[in-house]
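Structure first, then comments.
What you see is a predicted model, and the numbers here were worked out from it, not measured in a lab. All ligand and atom numbering here is 1-based and tracks the order in the structure. Along the sequence shown, residues are numbered consecutively beginning with 1.
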Amino acid sequence: MNSANIKIFSDPIELSENLTETFIKYIDKRSSVNIALAGGSTPKIFYSTLSQPKYQHKIDWSKIYLYWGDERCVPPVHKESNYRMVKEALLDHINIPAENIHRIKGEVDSYREKNYYSRLLLTNLPQKNGMPVFDWIFLGLGDDGHTASLFPDSGNLKVDDQLCVVAEHPETGQQRISFTIPLLANADRISFLVTNKKKAQIIEKILRCRKVSRQYPASLLFDKRPDAEWWLDQDAATYL
Ligand code: 6PG
């Protein structure tokens, strides 16, 4: 656990403000960045913080190209759409060129969109290890250890020859489109954003019991990228 890149904050707001300051400095040093966003409540707080006037005006949004690490197969106006969540928390408040925003189209055929989005990544992004490389990927963590829409016991966890897959939520059956482990692991920088006491147990398992936690999708990614960052609040870090 000691070697893991863990940052613990008193609460989600302090986490988000620190991450926002880090993001601002990161963007300032670069001419253009390809970012993949996550759904979820903790990422949402980060996006809302980013959109605050005191922060957003420090960022040249024209440098930033936004993608989604996963999306629910619903229309973009649906309450469960990750795109809609980011639009309401961030996009509606910042001056980012529309052409910089590359949402996954949850409203079309999932397999067709999975293939289309994979081709888009191959076209738009630079490559590393023969695969598109994101500058920075933000991820949440489910209390079952899922990340993006890669769920435990899914055959998608073994997919190593595709960039994106069609997934199915294990409880609701809702179709999702998700990056695969190889694509996620190829990013230059990976940050897990995890808050809330309900995540404390899974965080302990993934960060303390590396040997036994292999069945968790987030652990599979962490094994490939032990440099991944864990941005936690004290509640999520209760057992560390
Ligand atoms: C999604 C997300 C998913 C999310 C985790 C954590 O589409 O739901 O990409 O991976 O990040 O489920 O979500 P919470 O922070 O809301 O628990």
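Of the listed residues (Asp144, Asp70, Ile177, Thr42), the one carrying the non-hydrogen atom nearest atom 2 (C) of ligand 1 is Asp70. The option from Ala38, Pro12, Gly39, Pro43 that lies nearest to atom 11 (O) of ligand 1, judged by heavy atoms, is Gly39.
Close approach of ligand 1 to Lys199 is summarised as follows: ligand atoms under 4.0 Å from at least one heavy atom of the residue are 6 (C), 14 (P), 15 (O), 17 (O). Heavy-atom proximity to Arg176, at under 4.0 Å, picks out these atoms of ligand 1: 1 (C), 7 (O), 8 (O). With ligand atoms numbered from 1 in the order given, ligand 1 contributes 3 (C), 5 (C), 10 (O), 12 (O) to contacts under 4.0 Å with heavy atoms of His146. Numbered from 1 in the order shown, with element, the atoms of ligand 1 that lie under 4.0 Å from a heavy atom of Gly140 read 11 (O). Residue Asn82 approaches ligand 1 through these ligand atoms, each under 4.0 Å from one of its heavy atoms: 1 (C), 7 (O).
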Please tabulate, one pair per line, all N/O donor-acceptor pairs under 3.5 Å involving side-chain atoms of residues 24-33, not counting sequence neighbours.
{"from": "Tyr26", "atom 1": "OH", "to": "Asp135", "atom 2": "O", "distance (Å)": "3.4"}
{"from": "Arg30", "atom 1": "NH1", "to": "Tyr26", "atom 2": "O", "distance (Å)": "2.9"}

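When heavy-atom distances to ligand 1 are checked against a 4.0 Å cut-off, Leu141 comes that close only through its backbone atoms N, CA, C and O. With a 4.0 Å heavy-atom cut-off, ligand 1 is reached by no atom of Glu71.
Residue Phe151 is not grouped with residue Leu221 when hydrophobic side chains (ILVMFWY) are merged at heavy-atom distances under 4.5 angstrom, including chains of intermediate members.
The aromatic rings of Phe23 and Phe138 sit tilted, their planes meeting at an angle between 30° and 60°. Taking the six-membered ring for Trp and thresholds of 30 and 60 degrees, Phe134 and Tyr67 have ring planes more than 60 degrees apart, a perpendicular arrangement.
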